[in-house]
Structure formats: structure tokens, C-alpha cells
**Student:** 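Take this structure first; my questions come after.
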Amino acid sequence: MTATVKYDEVEVGQDIPAVDYPVHRVDLVMYAGASGDFNPIHWNERYAKAVGLPDVIAHGMFTMAQAGRFVTDWTGDPGALVDYGVRFSSMVVVPDNDAGAVITVSGVVEEKRDENLVVLALTARSGDSRVLSRARATVRLA
């Protein structure tokens, strides 16, 4: 695949519109099966509350994956992602109701480099909390 966003079409400071990623308990159970992380804080409300959490919380790597998905969806090519890193700054609390939670990811073009590399600064929020900090992705555009 080739990135559908072109290097010459992006500018430093350009906003990448926010995308909402709904999260429900079933998503966490499926992620646990895929990742092998069956820690009950990610699926058992009683256990999560017993260890001092407000409710079940999403896996940190699940949250990170949603921001990565935001980047690869924007580029149009998962292979365009060259480097990616975040710090976890808050939890995504996922109540057991029809609404679940939402992770909202947005971005801005932070830097353009040689060899068609573009650095994106990402923001990921759930409710009033910023759930990822120092989130950066480097992509190679066509």
C-alpha cells in the first residue's frame, strides 16, 4: 500500500480532525484474548473496585492501539508508520452500560523531515482525562 496523504500536502501546524473510538467491555474481553492479558481489572468490575479502581479499565496497550489506528487510518497505509511512542497518563474507565467509554484521538503535524517523514503529535482523551501524553508518531508519506 501507499499512503494516501501526500508529503507535499501537509504543513507544520496542520490539525488532523478528532476521531471517536467507542470502547465497551466486550472490546476489552476480545483484546484480552488477543493479547493474553487477562488481568481481571480489565473485565471484572467487582475485582477492579476491590483493588481501588473506579471501575473496569481498558488495557493501556488497547488505548495506545486506538491512537495508532488513528494514525494509520489517516495515512491510509499501516506500513507508513515508522516510529510510535506514548506515555500513559490516565485510565480509560469502561462502565458496564450501553454507552461504555469513548477514546477521542486528534493530532497535529509537528514537523516535516527529509525523506518524506512527518512527525505527528497526538492527543488522546477519555471523558475529561488526557489518557496518553507525549504521544508521537512518525510516518513516511508518498
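FYI, the numbering just counts along the sequence from 1. Just so it is clear, the model here is predicted, and its values are computed rather than measured.
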**Student:** Measure the spacing between CG of Asp96 and CG of Asp55 and express it to the nearest 0.5 Å.
**Tutor:**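 So the CG of Asp96 and the CG of Asp55 are separated by 8.0 Å.
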**Student:** Atom CZ of Arg25 and atom CG of Asn44: how far apart are they, to the nearest 0.5 Å?
**Tutor:**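 Separation between the atoms: 8.5 Å.
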**Student:** Would you name the heavy atoms of Arg136 and Ala121 that are closest together and state the gap between them?
**Tutor:**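 What the structure gives for the nearest pair is NH1-CB, 3.6 Å.
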**Student:** Taking Lys112's backbone N and O only, do any of them form a donor-acceptor pair with Tyr7's side chain (distance below 3.5 Å, no angle check)?
**Tutor:**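 No: the side chain of Tyr7 does not pair with the backbone of Lys112.
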**Student:** In terms of hydrophobic clustering (I, L, V, M, F, W, Y; side-chain heavy atoms under 4.5 Å; direct or indirect links), are Leu132 and Val93 co-clustered?
**Tutor:**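 Hydrophobic grouping puts Leu132 apart from Val93.
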**Student:** State the CD1-OG1 distance between Ile103 and Thr63, to the nearest 0.5 angstrom.
**Tutor:**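 Reported to 0.5 Å precision, the distance equals 4.0 Å.
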**Student:** Do Val23 and Tyr31 have side chains that approach each other closer than 4.5 Å (heavy atoms only, starting at C-beta)?
**Tutor:**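 Heavy-atom side-chain distance check fails, nothing below 4.5 Å.
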**Student:** Is a side-chain donor or acceptor of Thr72 paired with a backbone partner of Asp77 at a separation under 3.5 angstrom?
**Tutor:**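 Not a single qualifying donor-acceptor pair exists.
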**Student:** Is Val119 linked to Phe70 within one hydrophobic cluster, defined over Ile, Leu, Val, Met, Phe, Trp and Tyr using a side-chain heavy-atom separation of less than 4.5 Å?
**Tutor:**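 No, Val119 and Phe70 fall in different hydrophobic clusters.
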**Student:** Enter the distance from Asp20:CG to Thr104:OG1 here, rounded to the nearest 0.5 Å.
**Tutor:**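 Atom-to-atom, Asp20:CG and Thr104:OG1 are 3.5 Å apart.
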**Student:** How far apart are the closest heavy atoms of Ser126 and Ala101, and which atoms are they?
**Tutor:**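 Shortest heavy-atom separation between Ser126 and Ala101 comes out as OG-CB, 4.3 Å.
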**Student:** Which heavy atom of Phe88 sits nearest a heavy atom of Gly60, and at what distance?
**Tutor:**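 It is CE2-O, 3.0 Å.
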**Student:** Got more than 12 heavy atoms from elsewhere within 6.0 Å of OH, Tyr47?
**Tutor:**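 12 or below, so no.
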**Student:** Tell me, do Leu120 and Val109 make a side-chain contact under 4.5 Å, heavy atoms counted?
**Tutor:**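 Yes, close enough: below the 4.5 Å cut-off.
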**Student:** For the hydrophobic clusters of this structure (ILVMFWY residues joined by side-chain heavy atoms under 4.5 Å, transitively), does one cluster hold both Leu117 and Val71?
**Tutor:**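 As far as the 4.5 Å side-chain criterion goes, Val71 and Leu117 are not connected within one cluster.
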**Student:** Between Asp128 and Arg125, which heavy-atom pair has the shortest distance, and what is it?
**Tutor:**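 Heavy atoms only, the tightest pair is O-NH2, 2.9 Å.
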**Student:** Quick check: does any side chain N or O of Ser106 sit under 3.5 Å from a backbone N or O of Pro17, one acting as donor and the other as acceptor?
**Tutor:**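 Flag not set: sc Ser106 to bb Pro17 has no pair under 3.5 Å.
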**Student:** Please tell me whether Met91 and Trp43 are part of a single hydrophobic cluster in this structure, the criterion being side-chain heavy atoms less than 4.5 Å apart.
**Tutor:**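 They do not share one cluster, since no chain of ILVMFWY contacts under 4.5 Å joins Met91 to Trp43.
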**Student:** Counting only heavy atoms from other residues, nucleotides and ligands, does the tally under 6.0 Å from CZ of Arg130 exceed 12?
**Tutor:**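 Atom CZ in Arg130 is crowded, with more than 12 foreign heavy atoms closer than 6.0 Å.
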**Student:** Keeping the roles fixed (side chain from Asn116, backbone from Arg140), state whether a donor-acceptor pair exists under 3.5 Å.
**Tutor:**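 Looks like no, no N/O pair under 3.5 Å.
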**Student:** Can you tell me how far CE of Met61 sits from CE of Met64, rounded to the nearest 0.5 angstrom?
**Tutor:**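 One finds 5.0 Å between CE of Met64 and CE of Met61.
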**Student:** Determine the minimum heavy-atom distance between Val5 and Trp74, stating which atoms define it.
**Tutor:**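 For Val5 versus Trp74, the nearest heavy atoms are CG2-O, 3.0 Å.
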**Student:** How far does NZ of Lys6 sit from OG1 of Thr75, to the nearest 0.5 angstrom?
**Tutor:**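 Lys6 NZ to Thr75 OG1: 10.5 Å, rounded to 0.5 Å.
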**Student:** For residues Ile41 and Val94: do they belong to one hydrophobic cluster (side chain heavy atoms under 4.5 Å, members Ile, Leu, Val, Met, Phe, Trp, Tyr)?
**Tutor:**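 Ile41 and Val94: separate clusters.
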**Student:** Which atom names give the shortest non-hydrogen contact between Ile57 and Leu28, and what distance separates them?
**Tutor:**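 Scanning both residues completely, I find the closest heavy atoms to be O-CD1, 3.9 Å.
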**Student:** Please examine the side chains of Arg134 and Val86, heavy atoms only from C-beta on, and report whether any two atoms are closer than 4.5 Å.
**Tutor:**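 In short, these two side chains do not touch, never coming nearer than 4.5 Å.
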